[in-house]
Amino acid sequence: METKKWEAMLAAVDLGSFTRAARHLDLTQSGLTHMMNALEKEVGFPLLVRDRSGVRLTADGERLRPAIHELLQSAARLKEQIAAQAGQQRKSIRVAAYSSICMHWLPTIVQQFRWAWPDVSVDIRMGSVEEIYRWLQEGTVDLSFASRQDRWRYDWTPLWDDPLLAVLPPDYPVGGRDRFPVPEFEGKEFLMPSLGFDLDILGVFEARNIRPDIRSNTAVEDAAILSMVEHGLGVSILSQLVLQGRRDNVHALPLDPPACRQIGIAVRSLSEATPVIQEFIAYSRRIVGALHGRGEQGGAHSFS
């Protein structure tokens, strides 16, 4: 049985709309709609509910979901065995990522990837920007989840634009504002996060010629930065992904004008990546898009 239609159906359900699923699958929305209509005609009953709230499975579709997963897993295993026989397949993927990505994205990505590729192990290393890109260049890892940095050479798959937020002490005079003007950092004691976050933050200041009083001896991890800000020792900038799920007693306001760091996957060469690595990247794009309620933000590019 052809699997492409079933994969497209699950993508529409996971991403919540035909528009996002069509973007993910590089199809037109009308093409995806035609594919789903043909699938429902083939099985003889409706599989999808399509209304203003999005796309979801019908009761009959939900009952088929385990068998659909089994079909797709079998197809993935067949693809893996063919690649292995051709000498292209390796049984592990070596991944490097920031701590925030290891916490919020990779558990879901790895879990769902293993359902389709149960014989492939995923080895994860956590590191700083410098470490992650160095490991990639040295061949120590196969792919790196990181913020885009143009001073290294790699092929790039964007995943999400991670908004940067001003992190302020609890007694900071916010004055009811819901955004923090970047020029207001001028001259303030600024606590710089470690692990290469300065590469993303300094770009915000340099673009607007802002000169905060950066505490050069306090380049520490994110949790320590938050504690220091909470105790009134300065202000900082962290990203939405880093702050996700935390309950620290600080103000966290979007920057004005808005700024973000682009998070994605870097590999040395997409064209030379093994099929299993390409599949892992595809799973990552799909899952991050679903987690953040949007489709992927573009294709792959090379930077040097």
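Inter-residue side-chain proximity for Ser284 and Trp105 is flagged as unmet; no heavy-atom pair is nearer than 4.5 Å. Using a 4.5 Å cut-off on side-chain heavy atoms (C-beta onward), Ser236 and Pro193 make contact. Taking the side chain as every heavy atom from C-beta outward, Ile201 and Met192 approach each other to under 4.5 Å. Proximity of Asp200 to Asp162: side-chain heavy atoms (C-beta onward) are nowhere separated by under 4.5 Å. Side-chain contact between Leu136 and Arg268 is present, with heavy atoms from C-beta onward closer than 4.5 Å. Considering only heavy atoms from C-beta on, Phe45 stays 4.5 Å or farther from Thr58 through its side chain. Side-chain contact between Asp14 and Ile287 is absent, with no heavy atoms from C-beta onward closer than 4.5 Å. Using a 4.5 Å heavy-atom cutoff, the side chains of Arg211 and Phe190 are not in contact.
The main-chain N or O of Ile132 is found under 3.5 Å from a side-chain atom of Ser144 such that the two form a donor-acceptor pair. Side-chain atoms of Gln29 do not come within 3.5 Å of backbone N or O of Phe18 as any donor-acceptor pair. The backbone N or O of Met126 lies less than 3.5 Å from no partner atom in the side chain of Glu131, so there is not a single donor-acceptor pair. In terms of modelled atom types and a separation under 3.5 Å, the side chain of Tyr154 and the main chain of Gln149 share a donor-acceptor contact. Looking only at distances, no side-chain donor or acceptor of Glu7 sits under 3.5 Å from a matching main-chain atom of Leu72.
Taken to the nearest 0.5 Å, the CE atom of Met35 stands 12.5 Å off from the CE atom of Met9. Separating the CD1 atom in Ile265 from the CG atom in Leu143 is a distance of 6.0 Å, to the nearest 0.5 Å. In this structure, CG in Asn37 is found 9.5 Å from CG in Leu48, a value given to the nearest 0.5 Å. Between Ile124 atom CD1 and Leu106 atom CG the span is 4.5 Å, to the nearest 0.5 Å. Atom CG of Leu32 sits about 12.0 Å away from atom CZ of Arg23, to the nearest 0.5 Å. In this structure, OG in Ser227 is found 11.0 Å from CG in Asn249, a value given to the nearest 0.5 Å.
Salt-bridge check for Arg246 with Glu230: failed, with every basic side-chain N at 4.0 Å or more from each acidic carboxylate O.
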Dump the intermediate steps for side chain to side chain contact (heavy atoms under 4.5 Å, CB included) on Asp150 and Trp156, then the final yes or no. CA-CA 10 Å; Asp150 291 348; Trp156 178 251; over 6 Å; no
Evaluate the salt bridge (charged side-chain N to carboxylate O under 4.0 Å, His left out) criterion for residues Arg94 and Asp142: first the C-alpha distance (whole Å), next the side-chain angles of each, then the deciding distance (0.1 Å), finally the verdict. CA-CA 5 Å; Arg94 302 165 300 169; Asp142 300 307; 2.9 Å; yes
Candidate pair Leu243 and Val167, rule side chain to side chain contact (heavy atoms under 4.5 Å, CB included), full reasoning: CA-CA 10 Å; Leu243 293 169; Val167 182; 4.3 Å; yes
Salt bridge (charged side-chain N to carboxylate O under 4.0 Å, His left out) for Asp123 and Arg125? Distances and angles first, verdict last. CA-CA 7 Å; Asp123 304 324; Arg125 299 181 67 175; over 6 Å; no
Go through Leu233 and Glu189 one step at a time and tell me if the side chain to side chain contact (heavy atoms under 4.5 Å, CB included) criterion holds. CA-CA 8 Å; Leu233 300 180; Glu189 285 191 276; over 6 Å; no
Show your reasoning for whether side chain to side chain contact (heavy atoms under 4.5 Å, CB included) applies to Tyr172 and Leu253. CA-CA 12 Å; Tyr172 191 94; Leu253 300 180; over 6 Å; no
Just do the salt bridge (charged side-chain N to carboxylate O under 4.0 Å, His left out) check on Glu184 and Arg177 with the steps written out, would you? CA-CA 13 Å; Glu184 199 165 323; Arg177 295 175 295 180; 2.7 Å; yes
Using salt bridge (charged side-chain N to carboxylate O under 4.0 Å, His left out), reason through Arg134 and Glu138 one step at a time and then give a plain yes or no. CA-CA 6 Å; Arg134 187 182 77 247; Glu138 295 171 348; 3.5 Å; yes
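Minimum heavy-atom separation, Gln73 to Ala116: CG-CA, 3.8 Å. Contact detail for Ala273 and Gln278: the closest heavy-atom pair is O-NE2, 3.0 Å. The minimum heavy-atom distance linking Ala38 with Lys5 is given by the pair CB-NZ, 4.2 Å. Across all their heavy atoms, Leu165 and Pro254 have their closest contact at CD2-CA, 3.6 Å. The two residues Leu15 and Gly289 have their closest heavy-atom pair at CD2-C, 3.9 Å. The nearest pair of heavy atoms linking Tyr133 to Ala266 is CE2-CB, 4.0 Å.
Hydrophobic clustering, with ILVMFWY side chains joined whenever heavy atoms are under 4.5 angstrom apart, groups Leu39 together with Leu71. A chain of hydrophobic side-chain contacts below 4.5 Å, direct or via other Ile, Leu, Val, Met, Phe, Trp or Tyr residues, connects Val204 to Leu168. Linking ILVMFWY side-chain heavy atoms closer than 4.5 Å, directly or via other members, places Ile281 and Trp115 in two distinct hydrophobic clusters. When hydrophobic clusters are built by joining Ile, Leu, Val, Met, Phe, Trp and Tyr residues whose side-chain heavy atoms come closer than 4.5 Å, directly or via intermediates, Val122 is grouped together with Trp117. Cluster annotation: Leu241 is connected to Leu291 through the hydrophobic network of ILVMFWY side chains, with a link wherever side-chain heavy atoms come within less than 4.5 Å.
Below 30°, between 30° and 60°, or above 60°: for Phe145 and Phe280 the angle between ring planes is above 60°, a perpendicular geometry. Under the 30°/60° scheme for interplanar angles, the aromatic rings of Trp160 and His292 are found to lie parallel.
Residues Thr19 and Ser17 have side chains that never bring a donor and an acceptor to within less than 3.5 angstrom of each other.
Within the structure, every pair that satisfies the salt bridge (charged side-chain N to carboxylate O under 4.0 Å, His left out) test and touches residues 53-63, not counting sequence neighbours, is listed here: Asp51-Arg56, Asp60-Arg63, Glu62-Arg65.
Other residues, nucleotides and ligands contribute at most 12 non-hydrogen atoms within 6.0 Å of the CD atom of Glu70.
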